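Numbering starts at 1 and runs along the sequence shown. Here the structure is a predicted model, which is why all the values come from computation and not from measurement.
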Amino acid sequence: MTAAPKTVVITGSSRGIGRALTEYYISNGWNVIATARNATSLAQIHPNAHAIHSLDTADAASINAFSAKLDPSQPVHLLINNAGILLDDTLHSIEKSLLMQQFETNAVGPLLLARALIPNLKLATAAGSPALVANISSMWGSIAENDGDHYGYRASKTALNSFMKSLSIDLKPENISVISMCPGWVKTDMAPTGAISTNESVAGMSSVISNAMADSKLSMSGGYFRRNGDTIPW
């Protein structure tokens with residue numbers, strides 16, 4: 001008997017890395033629940049997605065509304081927190097509003113969404129399948145590798161890493177794994193001078209995700225990885 005397809009929820013599916021991730025998992029037979037702030041455009045971009053939903057990860061009400069729309073009997077095997085923003089804030093241009101926008105989208109939103117989907121992730125593990133929360137972080141979230149500038153983005157990704165390390169500890173009894181990954185310097189609207197394509201980035205990250213989902217002992221959970229699987233120093 002053919003196994004039922006696994007289900008993945010992906011945020012920020014309309015462009016860049018999120019679009020490539022969505023295309024990758026659709027092409028590999030997953031039930032993809034694609035989300036973005038503009039759900040209308042998503043239906044045109046990903047006509048073969050299992051489901052399309054509007055979701056603004058900077059808005060707690062939007063997160064709650066999205067989780068309420070999910071079938072309570074729907075297992076979620078993989079949540080990819082991809083949606084993020086990068087605002088140009090230097091030492092002399094920092095403003096509180098710029099900092100808070102990046103924290104809300106890049107760190108707080110992913111944590112609140114992961115918490116909202118815990119019941120669905122637990123349904124996957126209860127059926128004997130792995131469940132993983134994979135977060136698209138950045139090497140700029142590393143304090144050890146910080147070389148200055150982009151204060152809000154760096155700090156928001158550091159906060160994301162810290163949140164997800166804590167979450168990995170709290171969800172370990174539920175057999176749910178949590179990791180953070182750097183996608184590399186990817187050529188997107190956010191980084192037009194990027195060195196690699198979105199498909200190159202996704203090829204590496206999907207391998208890390210596969211390894212984490214096959215890790216029954218959850219030894220990778222709580223880790224912070226490059227797209228080639230190497231560990232990034234905190």
#### Entry: In one Ile/Leu/Val/Met/Phe/Trp/Tyr side-chain cluster, 4.5 Å: Phe225, Val178
no
### Task
Under the ring-ring contact (aromatic ring centres under 6.0 Å, His included) rule, collect the residues that match up with Tyr224, sequence neighbours excluded.
Trp234
### Query
Any luck finding a side-chain donor-acceptor pair between Thr22 and Ser13 under 3.5 Å?
yes
### Summary
Closest heavy-atom pair, Ala20 versus Asn199, reported as atoms and distance to 0.1 Å, is CB-OD1, 4.0 Å
#### Entry: Pairing residues for Ala131 by the side-chain contact (heavy atoms from CB on, under 4.5 Å) criterion, not counting sequence neighbours
Leu121, Ala124, Thr125, Ile176
### Message
Does Arg15, at its CZ atom, have more than 12 non-hydrogen atoms belonging to other residues, nucleotides or ligands within less than 6.0 Å?
### Response
no
### Task
Scan Asn146, Leu86, Thr158 and name whichever one has a side-chain contact (heavy atoms from CB on, under 4.5 Å) with Trp140.
Leu86
#### Entry: Ala114 versus Asn81, closest heavy-atom pair with distance
CB-ND2, 4.5 Å
### Task
Find out whether His46 and Arg19 are in side-chain contact, i.e. whether some heavy atom of one side chain is under 4.5 Å from a heavy atom of the other.
yes
### Glu174 side chain vs Leu171 backbone, donor-acceptor pair below 3.5 Å
no
### Query
Under 3.5 Å, side chain of Ser162 to main-chain N/O of Ala159, donor-acceptor pair present?
no
#### Entry: For Leu123, all residues meeting side-chain contact (heavy atoms from CB on, under 4.5 Å), sequence neighbours excluded
Pro75
### Query
How close do Pro110 and Asn106 get, heavy atom to heavy atom, and via which atoms?
CG-O, 3.5 Å
### Query
Just by distance, do the side chain of Thr35 and the backbone of Ser54 share a donor-acceptor pair under 3.5 Å?
no
### Query
Thr105 side chain to Gln102 main-chain N or O, any donor-acceptor pair under 3.5 Å?
no
### Message
Within the 4.5 Å heavy-atom criterion, are Glu23 and Val202 side-chain neighbours or not?
### Response
no
### Message
Let me check something: do Leu160 and Ile232 share a hydrophobic cluster, defined by ILVMFWY side-chain heavy atoms less than 4.5 Å apart, either directly or through other members?
### Response
no
### Query
What residues form a side-chain contact (heavy atoms from CB on, under 4.5 Å) with Ser177, not counting sequence neighbours?
Leu132, Ile179, Leu218, Ser221
### Query
Do the non-hydrogen side-chain atoms of Tyr25 and Ile80 ever get within less than 4.5 Å of each other?
yes
### Message
Could you tell me if the side chain of Ser14 sits less than 4.5 Å from the side chain of Arg37, heavy atoms only?
### Response
no
#### Entry: Beyond-backbone contact of Leu55 with Val9, side-chain heavy atoms, under 4.5 angstrom
no
### Summary
To the nearest 0.5 Å, atom CG of Leu87 lies from atom NE2 of His150 at 9.5 Å
### Message
So if I apply the side-chain contact (heavy atoms from CB on, under 4.5 Å) rule between Thr7 and each of Leu79, Leu70, Asn120, Ile33, which one comes out positive?
### Response
Ile33
### Task
Would you kindly confirm whether Ile209 and Val133 end up in one hydrophobic cluster when ILVMFWY residues are joined by side chain heavy atoms under 4.5 Å apart?
no
#### Entry: Considering all heavy atoms, the nearest Trp185-Thr193 contact
NE1-O, 3.3 Å
### Summary
Interatomic distance, CE@Met139 vs CD@Glu145, rounded to 0.5 Å, equals 4.5 Å
### Query
Salt bridge or not for Arg154 and Asp89, using N-O below 4.0 Å?
no
### Query
Tell me, do Asn31 and Gln74 make a side-chain contact under 4.5 Å, heavy atoms counted?
no
### Task
Tell me whether Leu78 is reachable from Leu113 by hopping between hydrophobic residues (I, L, V, M, F, W, Y) whose side-chain heavy atoms are closer than 4.5 Å.
no
### Message
Using a 3.5 Å distance criterion without hydrogens, assess whether the side chain of Ser142 forms a donor-acceptor pair with backbone atoms of Pro233.
### Response
yes
### Summary
So the ring-ring contact (aromatic ring centres under 6.0 Å, His included) pairs with at least one residue in residues 55-93 (sequence neighbours excluded) are His53-Phe66
#### Entry: Atom of Ser62, atom of Asp56 and distance for their closest heavy-atom approach
OG-N, 2.9 Å
### Task
State whether the side chain of Asn228 and the backbone N or O of Asp230 hold a donor-acceptor pair below 3.5 Å, judged by distance alone.
yes
### Euclidean distance, Gln44 CD relative to Ser41 OG, rounded to 0.5 Å
7.0 Å
### Message
I'd like to know if the side chain of Thr11 and the backbone of Asn82 have a donor-acceptor N/O pair within less than 3.5 Å.
### Response
yes
### Query
Above 12 or not: heavy atoms from other molecules or residues under 6.0 Å from CD1 of Ile143?
no
### Single-linkage hydrophobic cluster, 4.5 Å side-chain cutoff, Ile136 and Ile10 together
yes
### Task
Not counting sequence neighbours, which residues clear side-chain contact (heavy atoms from CB on, under 4.5 Å) with Asp149? List them please.
Thr90
#### Entry: Distance, nearest 0.5 Å, that separates OG of Ser210 from CG of Asp215
12.5 Å
### Message
Less than 4.5 Å apart, side chain to side chain, heavy atoms only: is that true for Val76 and Lys6?
### Response
no
### Message
Just verifying a value: how many Å separate Asn211 CG and Ser207 OG, rounded to the nearest 0.5 Å?
### Response
4.5 Å
### Message
So which atom in Pro173 and which in Asp170 form the shortest heavy-atom distance, rounded to 0.1 Å?
### Response
CD-O, 3.4 Å
### Summary
In this structure, NZ of Lys187 is separated from OG of Ser201 (nearest 0.5 Å) by 14.5 Å
#### Entry: Side chain proximity check, Leu98 to Ile94, heavy atoms < 4.5 angstrom
no
